[in-house]
Engineer: 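Could you have a look at this structure, given as structure tokens, before my questions?
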There are 2 protein chains.
Amino acid sequence: MARNSTGMKYEAILDAAVVEIARRGYYQTTVAMIAKRAGVADGTIYLYFGNKEEILFSLFDRAMDRFIARGKAELEAIGGAVEKLGHIIDLHLSLVGQDRDLAIITQVELRHSIHFMDQFSRTKVAEYLAVLAGVVAQGQQEGAFRADLDPSFAAKAVFGVMDEMATDWVLSRRNTRLENRAPEVAAFLLNGLR
Amino acid sequence: MARNSTGMKYEAILDAAVVEIARRGYYQTTVAMIAKRAGVADGTIYLYFGNKEEILFSLFDRAMDRFIARGKAELEAIGGAVEKLGHIIDLHLSLVGQDRDLAIITQVELRHSIHFMDQFSRTKVAEYLAVLAGVVAQGQQEGAFRADLDPSFAAKAVFGVMDEMATDWVLSRRNTRLENRAPEVAAFLLNGLR
DNA sequence: CTTAAGTGAATAAGGCTTCATTCATTATGG
DNA sequence: CCATAATGAATGAAGCCTTATTCACTTAAG
């Protein structure tokens with residue numbers, strides 16, 4: 001085979017880390033386990049990452065970058081707020097539902113430390129919440145959504161429902177597809193309980 | 001002082017653990033730190049708990065027992081489903097909002113391991129979700145809630161919104177009171193976005 | 001005096017990280 | 001073209017530190 005292109009091992013290490021951390025949890029996973037699955041020596045990890053924690057950060061960054069890249073592109077093509085919201089729900093649930101190992105990490109492992117939540121995951125979540133709040137505000141201007149609703153509050157509520165569905169799906173081992181819940185979620189968010 | 005009544009040090013250790021684990025996270029907190037804050041020797045911990053993990057379990061059990069005890073008593077006195085839901089929201093937000101350190105643990109630390117989630121926290125959450133689903137079903141029979149709604153699904157959605165509000169409150173260091181969000185949450189859950 | 005509770009120094013295990021060494025690949029020079 | 005040097009990615013054994021847990025000993029109650 002040709003010479004390994006730059007980043008080949010970097011990716012291999014991250015892929016291995018997703019699997020191992022999903023199975024055992026971050027603190028039960030040793031650097032040696034990740035190295036073994038990635039097919040590299042223990043020391044090689046430190047050519048690509050400063051320390052063990054940085055693996056987790058990079059994991060999350062890679063996942064979020066993919067998420068945002070796809071989200072932005074697809075969202076621009078849609079006009080109405082109701083349709084935008086529906087598409088975000090579809091996207092959120094189908095992206096989380098795509099890779100169970102990665103989902104375990106985003107729904108469970110990444111929440112293990114308030115320090116981490118502060119510094120990384122929550123700032124990214126904040127960006128996401130801002131997008132959601134924008135869609136709510138747009139819907140209010142269109143007259144599609146109630147005006148007596150704080151967009152920032154509504155954004156959190158919407159996120160909360162999707163996030164709980166995702167966590168529920170991760171923890172129940174049933175073989176349902178997460179994105180199948182999208183219509184139900186959309187209906188609930190639009191109409192409420194009554 | 002008189003001989004410590006049984007459970008005195010047990011409680012002291014749990015109280016200390018809440019504070020330390022909230023500050024540093026479970027894995028950064030050593031048994032020695034907990035012992036020091038509790039004012040006992042390291043070895044004393046092992047007279048009351050089998051191992052470090054058991055401290056975390058007991059912490060959670062104690063918190064949930066208090067939650068459920070208060071919830072059941074107060075809920076029985078209420079008739080209508082809409083009022084019941086409103087009271088659950090009040091109760092959930094005000095209990096979580098009562099003790100920030102404990103909230104950090106329930107909203108962040110307890111979610112660090114899928115193994116733990118499976119064995120403990122999620123079974124308790126499942127009981128809670130069952131109560132919520134019951135209220136939704138009752139509301140449907142009363143004609144107060146839409147009939148085309150899976151109560152189990154709706155329960156998760158309701159929980160998701162409250163949980164996200166709680167997490168948001170924990171991570172934002174503002175001095176707002178969490179229970180102030182209760183009316184907004186109730187309105188959103190009943191009416192949705194439009 | 002007996003017994004249970006409490007102590008905290010010692011232990012042992014585990015794992016992150018380092019670094020001297022290897023080796024395939026590339027550059028240099030004659 | 002070949003021989004030699006240089007490079008730096010990769011290795012993996014082991015150092016070093018952290019920390020959960022134990023246990024021989026002390027304290028104090030009844």
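Here is how names work: the chains are called A, B, and so on, in the same order as the sequence lines, proteins then strands, and each is numbered from 1.
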Engineer: Using atom CD1 of B/Ile21 as one end and atom P of D/dT19 as the other, report the distance to the nearest whole Å.
Structural biologist: 14 Å

Engineer: Does the gap between the ring centers of B/Tyr27 and A/Tyr26 come in under 6.0 Å?
Structural biologist: no

Engineer: Would you mind checking if B/Arg62 and B/Glu11 are paired as a salt bridge, meaning a charged N to carboxylate O distance below 4.0 Å?
Structural biologist: yes

Engineer: Whole angstroms only, please: what is the CD1-C1' distance between B/Ile34 and D/dT19?
Structural biologist: 12 Å

Engineer: Applying ring pair (Phe, Tyr, Trp, His ring centres under 6.0 Å), name anything that partners B/Phe153, two or more places apart in sequence or on another chain.
Structural biologist: none

Engineer: Under 4.0 Å between a Lys/Arg side-chain N and an Asp/Glu carboxylate O for A/Arg37 and A/Asp15?
Structural biologist: no

Engineer: Carefully, step by step, assess A/Ile45 and A/Glu54 under the rule side-chain contact (heavy atoms from CB on, under 4.5 Å).
Structural biologist: CA-CA 10 Å; A/Ile45 301 270; A/Glu54 211 179 288; over 6 Å; no

Engineer: According to the side-chain hydrogen bond (donor to acceptor under 3.5 Å, both in side chains) rule, which pairs have a member within residues 150-160 of chain B, sequence neighbours left out?
Structural biologist: A/Asp168-B/Lys156

Engineer: Using salt bridge (Lys or Arg N to Asp or Glu O under 4.0 Å) as the criterion, list what pairs up with A/Arg194, not counting sequence neighbours.
Structural biologist: none

Engineer: CG of B/Leu56 versus P of D/dA20: gap in Å, rounded?
Structural biologist: 13 Å

Engineer: Over all strands shown, is A/Tyr48 touching base, sugar-phosphate only, or nothing at heavy-atom distances under 4.0 angstrom?
Structural biologist: sugar-phosphate

Engineer: Quantified as the angle between the terminal helix axes (five pairs each), what is the overall bend of the helix from C/dC1-D/dG30 to C/dG30-D/dC1 to 10 degrees?
Structural biologist: 10°

Engineer: Output the rounded distance in Å from CZ (B/Arg24) to C1' (D/dT18).
Structural biologist: 15 Å

Engineer: Would you say that A/Leu93 contacts A/Trp169 through its side chain, given a criterion of any heavy-atom pair below 4.5 Å between the two side chains?
Structural biologist: no

Engineer: Could you run down the sub-3.5 Å N/O contacts of the protein with nucleotides 7-10 of chain C?
Structural biologist:
unit_1: C/dT7; atom_1: OP2; unit_2: B/Ala41; atom_2: N; d: 3.0
unit_1: C/dT7; atom_1: OP2; unit_2: B/Thr44; atom_2: OG1; d: 2.4
unit_1: C/dG8; atom_1: N7; unit_2: B/Gly43; atom_2: N; d: 3.2

Engineer: Out of curiosity, does A/Phe67 fall in the hydrophobic cluster containing A/Leu85 (side-chain heavy atoms, cut-off under 4.5 Å, transitive links)?
Structural biologist: yes

Engineer: Could you go step by step and tell me if A/Leu95 and A/Glu179 meet the side-chain contact (heavy atoms from CB on, under 4.5 Å) rule?
Structural biologist: CA-CA 8 Å; A/Leu95 283 181; A/Glu179 66 246 51; over 6 Å; no

Engineer: Could you tell me if B/Arg174 and B/Ser172 have a donor-acceptor pair between their side chains, going purely by distance under 3.5 Å?
Structural biologist: yes

Engineer: Protein-nucleotides 13-16 of chain C N/O pairs closer than 3.5 Å?
Structural biologist:
unit_1: C/dC16; atom_1: OP1; unit_2: A/Lys52; atom_2: NZ; d: 3.2
unit_1: C/dC16; atom_1: OP2; unit_2: A/Val31; atom_2: N; d: 2.8

